[in-house]
Amino acid sequence: MSIEHPTQSNSIVDVLETVLDKGVVIAGDIRVGLADVELLTIKIRLIVASVDKAKEIGMDWWETDPYLNSKAAQTNTEALEKENEELQKRIEQLEKNMQDVYQK
């Protein structure tokens, strides 16, 4: 009895190229319960795709995440500084209004 080998074989490079070109989604939920009472639910979602494919399907969160992108971090810092200045002005105005009320 002889062992037959497939005539076509895919190398890991071929498989990886196909996965990155098409994308693969792995989804799962982990639920922990006791006596029919759900205590914890963890939703796990994993997508493996090339950056181009991810952008094509609308995933670009890494471009705006300040932990992953220095431009996003700078933009986030500037937005926080502007908000802080506006809040400081509002506090000063409120304090001034309160002083005017107590002086009357």
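Quick note: residue numbers are just sequence positions, from 1.
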side-chain hydrogen bond (donor to acceptor under 3.5 Å, both in side chains) against Asp52, all qualifying residues, sequence neighbours excluded: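 Testing Asp52 for side-chain hydrogen bond (donor to acceptor under 3.5 Å, both in side chains), a comparison that skips the adjacent residues, returns none.
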Pairing residues for Val13 by the side chain to side chain contact (heavy atoms under 4.5 Å, CB included) criterion, not counting sequence neighbours: Ser11
Which atom of Ala54 lies closest to which atom of Ala49, heavy atoms considered: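 Residues Ala54 and Ala49, closest heavy atoms: N-CB, 4.5 Å.
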Partners passing salt bridge (charged side-chain N to carboxylate O under 4.0 Å, His left out) against Glu56 (at least two apart in sequence or in another chain): Lys53
Pair listing, salt bridge (charged side-chain N to carboxylate O under 4.0 Å, His left out) test, anchored in residues 33-42, at least two apart: Arg31-Glu38
Side-chain hydrophobic cluster, 4.5 Å single linkage: members besides Leu34: Val37, Leu39
Residues clustered with Ile30, ILVMFWY side-chain links under 4.5 angstrom: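 Besides Ile30, the cluster holds Val32, Leu40, Ile42, Ile44.
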Would you be so kind as to tabulate the donor-acceptor pairs closer than 3.5 Å made by side chains of residues 83-93, with sequence neighbours excluded?
unit_1, atom_1, unit_2, atom_2, d
Gln93, NE2, Asn97, OD1, 3.1

